[in-house]
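These numbers were taken from a predicted model, which means no experiment stands behind them. Just so it is clear: chains get the letters A, B, ... in the order the sequence lines come, proteins before strands, and each one is counted from 1.
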Protein chains: 2
Amino acid sequence: MSTIKDVSKLAGVSPATVSRVINNANGVSAKTKEKVKQAIAELDFYPNAQARALVKQSTNTIGVVMSELSDPFFAIMARSIEITAEKYNANVLISTGSLNEEKERQAINSLQAQRCKAMVVNSKILSDEELIDFAHKIPGFVLINKYIEAIQERCIWLDNQQGGFNMAQYILEMGHSNVLVLSTKNKVYDASRRLAGIQSAFTQAHKILPANHIIYTSPDPQGGEKAIEQALANGIKFTAVLAYNDAVAVGAVAKLTEKGLSVPENVSVIGFDDVLLANYCSPPLTTVKYPIAVMSQKATELALTLSKNEGKVSQTINTYKYKPIIIKRSSVSWG
Amino acid sequence: MSTIKDVSKLAGVSPATVSRVINNANGVSAKTKEKVKQAIAELDFYPNAQARALVKQSTNTIGVVMSELSDPFFAIMARSIEITAEKYNANVLISTGSLNEEKERQAINSLQAQRCKAMVVNSKILSDEELIDFAHKIPGFVLINKYIEAIQERCIWLDNQQGGFNMAQYILEMGHSNVLVLSTKNKVYDASRRLAGIQSAFTQAHKILPANHIIYTSPDPQGGEKAIEQALANGIKFTAVLAYNDAVAVGAVAKLTEKGLSVPENVSVIGFDDVLLANYCSPPLTTVKYPIAVMSQKATELALTLSKNEGKVSQTINTYKYKPIIIKRSSVSWG
DNA sequence: TTGAAAGCGCTAACAC
DNA sequence: GTGTTAGCGCTTTCAA
């Protein structure tokens, strides 16, 4: 790979001049500019991004931490961040953390090593203290899908508790009182918020949600299938299922159908997120809309802005809480 | 952000020694190592990845070019690459190109600027010549989902034509002869291969596929819906739909159902890819399996290997063609 | 309008 | 074992 020196030699100018040309600086005569451009083309030269970053002390790269690219929810998030970043001419570096504390930390560290000043982090598992710490060290550190009061001006979040509350309230209104809740690994932040919301709706309605009606399972269709299998095997009685997300819901529907229980006639099911799948599965899924695309865009813009201002937070706006909304389709019937 | 010099000062050693410690080089006494480590912790120091890359002349980063992260197909691909890269301690840099020639080229260029020596590229639209050119310049350049003879030892591909052929052969065997084909933008590589396969199956069966039975639409559910709407509006008669991918198929099913045509009783539908959606939509979709996860893993390993060998291709293996297989579910009936 | 020179943060010879 | 030095490819003063 050729360097700026090679180009300068071929064009018969100094490296500085070549630098001026590739950076569109003015103060270069049209003639030399032309010569340089030709040399660049001839040598197929691309300025080394690392060298540039090193001297400029900035990369214009936004780092993204999330757990699982292949999950449609995160895929939408990634896409939205990317589109937004492009608008601001920023590059995107994605680092995945999975549901493991050490990995999540590493993901952030590797982004730090890349000297990303802007970061959008979807932490599922790190402690609040550690995240607050990061926020204080990294100017453009933004948390998405999570709320921590101490750094609320850097949190873009959905009110998950409200979402859980909505699901439960709706299903109770529909006349179901034997409800099965499919949650996920209890250390996962949003899962616990949603569960809290569900429980508070039960309490408010003076109903009881027995502990054995809560099953913790993996957040994918297989998880949904397994959970239903298990509930049925344990003889748990239920006429409704509240799933952690749409993928789990869809797996639950599949297993219920397989066992001769039709949805929504025998069992009602509610998902969460409203990903593509929810609209096209059968029956179309009643679910809670998670406006992740809008939120990701906001998070990206905030991260970029903060990193420019060296972390100085704007005075006017200081909270970014989004509201979940029930999308009623066909997977719920009167109980 | 602190530098190696700051650390060396605080620890009372030379920068070289610090470098030795962070690189786990031997020849450092336990005592100094301890001092240095303490200083590192105290200053919260992370070695600057760009500076490192610059002097080492290598980044251990694999670049990925693809069009659309939010498509589940690509999401699986990204995930598989990531998992594989991690095994080899390589970082992943994703650059998206969309279905636009200039953007695709830019995506590759920006990866070049980052000095990625290994690259997995899913090109939808660049010309063969240009791709061959890149392959000659970039040691670890690997093409995924595309076959170009001149660089076949760097191509990981599915036999799309065979896949198209299989779909069509199966639907013809099932007794359908009024078939609607939902393809996508005709410049897209795999779409054209699949279409060619479909056509050759028709020819071989001495059947005719009229030109107005081929509709070009966007590769997502909305595209499927629109295409069906259009076909119906134009009074085209069909009892079977061959879709470009599962997302299109699922959209088609939704629109057909909406119009009072049930699947598979009135119309049979076949998808392509076998993404998660295919198994959980209604009815479960008969589709063509695209083993993208395995292929992505292979591509990653190949790219990494080639980049280590400076592009020298191993002698033993020299072709990576994968076979599509029909997965029979419930969206096809006898015609 | 152009060039020389210093330096970004790190590693790798080569001394000692 | 440890330090000194040069240099990776680029940008940016400062001079000319």
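- At a threshold of 4.5 Å between non-hydrogen side-chain atoms, the residues B/Lys117 and B/Lys308 do not count as touching.
- Between A/Arg20 and D/dT11, a side-chain N or O to OP1/OP2 separation shorter than 4.0 Å is absent.
- At a threshold of 4.0 Å, the pair A/Lys37-A/Glu34 does not count as salt-bridged, since none of the basic side-chain nitrogens sits closer than that to a carboxylate oxygen.
- Listed candidates were D/dC10, C/dG3, C/dT11. Nearest to the side chain of B/Ile22 is C/dT11.
- Whole-Å rounding puts the A/Gln114 CD to C/dG9 P distance at 16 Å.
- Geometrically, A/Lys124 does not engage A/Tyr189 in a cation-pi contact, judged by NZ or CZ lying under 6.0 Å from the ring centre and within 45° of the ring axis.
- If you take CE of B/Met1 and P of C/dC8, they are 16 Å apart, rounded to a whole angstrom.
- With C/dT11, C/dG3, D/dG9 as the candidates, the nucleotide lying closest to the side chain of A/Val13 is C/dG3.
- Between the side chains of B/Thr96 and A/Glu82, at least one donor-acceptor pair of N or O atoms lies under 3.5 Å.
- Distance from the side chain of A/Val28 is smallest to C/dT2 among C/dC8, C/dT11, C/dT2.
- Between the C1' atom of C/dG9 and the CZ atom of A/Arg115 lies a distance of 8 Å, rounded to the nearest Å.
- Heavy-atom nearest nucleotides on DNA chain D were determined for B/Pro15 and for B/Ala51, and the one closer to the 5' end corresponds to B/Pro15.
- For C/dC10, neither phosphate oxygen OP1 nor OP2 lies less than 4.0 angstrom from any side-chain nitrogen or oxygen of A/Gln50.
- B/Thr3 has no side-chain polar atom (N or O) that falls below the 4.0 Å cut-off from OP1 or OP2 of C/dG9.
- Here D/dC8 presents its C1' atom at 15 Å from CZ of B/Arg52, a figure rounded to the nearest Å.
- Residue A/Gln57 places at least one side-chain N or O closer than 4.0 Å to OP1 or OP2 of C/dG9.
- The nucleotide whose nearest atom lies closest to any side-chain atom of A/Ile4 is, among D/dT11, C/dG9, D/dG1, D/dT11.
- When the side-chain nitrogen and oxygen atoms of B/Ser19 are compared with OP1 and OP2 of C/dC10, none of them lie within a distance under 4.0 Å.
- In this structure, B/Lys5 atom NZ and D/dT4 atom P are separated by 12 Å, rounded to whole Å.
- Taking the six-membered ring where the residue is Trp, B/Phe134 and B/Phe141 present parallel rings, their angle staying beneath 30° rather than reaching 60°.
- For B/Ser14 and D/dT4, the shortest distance from a side-chain N or O to OP1 or OP2 is not below 4.0 Å.
- In this structure, B/Leu54 atom CG and D/dC10 atom P are separated by 9 Å, rounded to whole Å.
- Phosphate proximity of C/dT2 to A/Thr32: present, with a side-chain N or O under 4.0 Å from OP1 or OP2.
- In this structure, the NZ atom of B/Lys35 is 10 Å from the C1' atom of D/dT2, given to the nearest Å.
- Between B/Lys56 atom NZ and D/dG9 atom P there is a gap of 16 Å when expressed in whole angstrom units.
- Between B/Tyr147 and B/Leu158 the shortest side-chain heavy-atom distance does not fall below 4.5 Å.
- Nearest to the side-chain atoms of B/Asn48 among the listed nucleotides C/dT11, C/dC10, D/dT2 stands C/dC10.
- Closest-nucleotide positions on DNA chain D for B/Ala30 and B/Val55 were compared, and the one nearer the 5' end corresponds to B/Ala30.
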